[in-house]
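Order of the sequence lines sets the chain letters (A, B, ...), proteins ahead of strands, with each chain counted from 1. Excluded from the calculations below are hydrogen atoms, water molecules and symmetry mates; all remaining heavy atoms, backbone and side chain alike, are included. Nothing here was measured: the structure is a model prediction, and the numbers come from that model.
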2 protein chains.
Amino acid sequence: MERYVSKVNITRVLRTIYLTQGLSRVEIARILDINKSTVSKIVSFLEELGIVETAAVGEAGPTGGRRPLHLRIRPDWGCVMGLEIQTEAFTVVGVNLQGEVFFSHTEPLDLRTISLVDAFIAIVDRFRPSLENTGMPVLGIGVGLPGFVDPLRGVLCASMPFEHYEEINFVREARERLGIRVPVLVDNDANCGCWGELAFRHSSRPSNFIFVLGEHRKHTIAMDNHRIMALGVGLVLNGQVHHGETFSAGEFRSILYKRQQVNQFSITDEQAKLFLQDPRVDELIVDELARHISFLVNMLNLRKVVIGGPVEVLAEQIEEAVRKYTRINWAYPRQVEFEMEVSRLGERAVAYGAAGMYLERLIRIPSVETDREATAPCGIDLLPQMGQDQLVRR
Amino acid sequence: MERYVSKVNITRVLRTIYLTQGLSRVEIARILDINKSTVSKIVSFLEELGIVETAAVGEAGPTGGRRPLHLRIRPDWGCVMGLEIQTEAFTVVGVNLQGEVFFSHTEPLDLRTISLVDAFIAIVDRFRPSLENTGMPVLGIGVGLPGFVDPLRGVLCASMPFEHYEEINFVREARERLGIRVPVLVDNDANCGCWGELAFRHSSRPSNFIFVLGEHRKHTIAMDNHRIMALGVGLVLNGQVHHGETFSAGEFRSILYKRQQVNQFSITDEQAKLFLQDPRVDELIVDELARHISFLVNMLNLRKVVIGGPVEVLAEQIEEAVRKYTRINWAYPRQVEFEMEVSRLGERAVAYGAAGMYLERLIRIPSVETDREATAPCGIDLLPQMGQDQLVRR
DNA sequence: TTCTTTTAGTTGCGATATGCAACCAACCAT
DNA sequence: ATGGTTGGTTGCATATCGCAACTAAAAGAA
């Protein structure tokens with residue numbers, strides 16, 4: 001059998017199976033509008049690779065005919081390490097290819113005593129055995145960081161919590177010092193929340209939504225006993241995570257913000273310290289936050305808003321206020337529908353989403369854009385054993 | 001010479017030449033990362049078609065070598081009709097393939113006496129000869145309308161100014177009744193402003209910006225002597241015009257809006273009527289508008305803001321205020337840079353941009369997305385003489 | 001049972017798209 | 001002139017995909 005398949009279509013088929021487990025070859029051919037023989041060839045390639053398997057033999061239709069073979073991704077073919085690093089703590093999760101968390105750990109961390117990259121290396125070296133003793137190799141590592149991140153170059157451009165305003169080429173430094181040769185992907189923490197929603201919500205994959213990450217943390221490393229409300233937004237628009245022109249998209253400050261304050265709202269910093277302790281403060285924040293979320297929901301015509309981080313405890317109040325303001329702020333007779341939900345994994349949402357970022361990259365179609373801009377590797381190129389040769393000729 | 005070329009790469013080459021006039025074959029091959037022989041074949045195809053020509057013979061480099069042949073789109077190969085239809089007036093423009101306006105006309109229109117589609121047909125039939133007597137065939141027609149538009153299906157979903165809240169399948173009705181068989185594209189008026197910036201700003205093609213269309217018009221058809229400020233926003237994010245989940249993106253209302261008003265700000269409707277007449281009202285509007293624009297600039301990390309429509313007269317004040325609020329609303333030490341500019345064509349910006357929408361579609365790479373969703377035709381499929389056969393075998 | 005019809009999946013082959021290498025064309029510097 | 005260099009073209013090898021014919025396995029009817 002001397003047949004050939006292209007990377008683009010291999011990735012298209014892999015993506016389709018990932019997004020809708022249980023499809024048959026013929027169904028994939030119909031969805032992608034390519035010939036079933038082509039799908040057949042690609043599927044047998046992916047089966048030989050081991051990442052795809054026949055899940056079950058389906059039932060024939062009412063008019064007879066051969067029974068279809070339902071395909072799926074092998075959940076145990078490999079796993080992904082997801083990581084959130086904050087100023088005070090870090091979280092590691094291990095996720096299989098089905099999006100199931102099989103390992104999870106959170107621990108304090110003091111970034112005043114160790115550099116970011118050192119911390120990363122230590123964490124990976126320490127927890128990789130825990131993930132791999134399941135028999136699954138670690139296919140990639142995703143990292144969520146507070147601050148502005150260029151995920152294409154793998155660079156942390158600036159971070160207020162880390163008090164670092166020079167570029168750190170995180171991915172390059174990390175890969176140089178890492179024992180293993182696996183892809184390392186970085187993005188902003190709130191954006192990682194978005195990646196999680198994209199990667200693990202197979203059925204109803206949303207194209208326009210925001211992830212509101214409200215944390216209660218030190219504003220900078222140096223602020224010892226000064227925990228305040230810190231709010232970041234991750235945006236998914238047209239199905240793509242939006243980073244903006246210089247990777248600072250999602251940075252939030254209220255329209256009513258007053259100068260000389262550290263917090264992002266129109267309240268004083270003294271009030272802000274009482275967040276989650278004084279209901280009156282919470283109410284002010286909820287109202288002001290809801291006005292801005294409503295503006296974004298209407299202006300960007302979003303389908304849903306996901307709330308993540310410790311603010312989750314205020315989710316009900318936030319939803320009520322957002323629904324009020326979206327109505328007030330809408331001129332047309334028919335209200336636009338949208339959903340509000342709470343991120344399922346709570347404290348682990350960012351680390352979990354960071355792992356999802358790798359999976360999303362794995363099933364991303366290699367771009368055919370105008371210029372071969374510095375587009376990061378994606379699709380099956382991300383798989384470790386994919387040397388240039390094995391791939392094409394088989 | 002029995003060679004073959006694919007639609008995707010034909011469109012990629014056409015797009016590259018369009019975006020950067022004067023490239024040579026070798027340069028295109030380098031940019032697109034395809035073999036120069038492939039480019040050669042595609043270029044000779046496009047030359048036979050007539051849409052591409054050799055503009056000039058370049059100079060050899062300092063180390064010698066054959067002189068490159070600079071390619072360009074033939075500006076007179078065809079033209080595009082751009083149309084803006086409002087409640088009180090319409091504007092037609094004729095644009096050649098270089099983006100030069102060679103025809104322009106504005107006239108009052110009373111949509112109480114004629115239906116939208118009827119008006120469209122009448123306008124096209126009346127002005128097509130004016131465009132075609134230049135010898136250029138009309139390749140396509142772009143239309144900008146106030147309201148929510150689904151450009152993929154060509155449907156006007158709802159329009160407050162037109163007082164129409166049922167779907168109108170504009171493109172289908174128009175094409176059925178139109179004498180000629182040319183593509184008709186529709187989009188929201190503010191979005192058309194964006195299309196214009198994309199299509200005719202070849203050198204520095206922006207990927208993240210908004211077009212603020214501020215008009216001074218009747219709020220609905222029925223409002224006889226009641227002209228107020230009407231503001232719409234078109235958004236381009238990640239290089240794509242953003243329509244949102246249900247095509248209502250860009251609809252603006254202030255966060256401080258008070259109930260029971262028709263205008264979009266926190267002022268009373270009585271005040272709003274004095275827009276552009278009472279400087280105190282203008283100042284209130286400018287300040288409130290600038291706060292929201294600044295929020296978007298920071299939150300979406302935009303590179304520029306374009307002001308279009310009659311608000312242009314306030315552009316300087318708006319810029320000053322926006323610069324003030326983006327600074328106030330920014331926590332990081334280094335300010336993010338962005339530009340503010342006034343749309344060049346003033347009153348004709350929407351009609352002009354509507355024409356640009358066709359050109360953008362013409363140079364859009366056929367998508368290789370997951371499913372063959374109802375993706376509108378694009379690339380060279382838009383050209384009239386492109387029967388299925390002529391294209392591939394030559 | 002046996003035959004026909006229907007659908008899923010496989011295989012060989014031909015059609016087609018692209019890269020490769022060798023070529024020609026036209027320029028520079030000696 | 002001569003050699004080195006770059007742009008563009010051509011013939012051919014190779015890579016990719018669709019088509020049609022095939023096998024496999026089911027339902028239903030005779």
Do the side chain of [X] and the base of [N] come within less than 3.5 angstrom through a donor-acceptor pair of N or O atoms?
X     : N      : value
A:S37 : D:dC19 : yes
A:K41 : C:dG9  : no
A:R66 : C:dA8  : yes

Let's see if you can work this out: which of C:dT10, C:dC27, D:dT5 has an atom nearest to the side-chain heavy atoms of B:T63? D:dT5

Nearest-nucleotide pick for B:I34, side chain only, options being C:dT6, C:dG19, C:dA8: C:dG19

d([atom1], [X]; [atom2], [N]) in whole Å:
X     : N      : atom1 : atom2 : answer
B:N35 : C:dC23 : CG    : C1'   : 14 Å
B:E59 : C:dC28 : CD    : C1'   : 12 Å
A:R25 : C:dT10 : CZ    : C1'   : 10 Å
A:I31 : C:dA8  : CD1   : P     : 13 Å
B:N9  : C:dT16 : CG    : P     : 17 Å
A:F45 : D:dT16 : CZ    : C1'   : 14 Å
A:I42 : C:dT10 : CD1   : P     : 13 Å
B:K36 : C:dA17 : NZ    : P     : 22 Å

Quick one: do [X] and [Y] make a salt bridge, cutoff under 4.0 Å?
X     : Y     : result
A:R72 : A:E47 : no
A:K36 : A:E27 : no
A:E48 : A:K41 : no

Regarding B:E173 and B:N169, is there a side-chain donor-to-acceptor distance under 3.5 Å anywhere? no

Toward the 5' end of DNA chain C, by each residue's nearest nucleotide, A:R67 or B:A60: A:R67

Mapping A:G65 and A:E47 to their closest nucleotides on DNA chain C, which lands nearer the 5' end? A:G65

Take a 6.0 Å sphere around CZ of B:R172 and say whether it holds more than 12 heavy atoms from other residues, nucleotides or ligands. no

Here's a test of your reading of the structure: between A:G64 and B:P68, which maps to the more 5' nucleotide of DNA chain D? B:P68

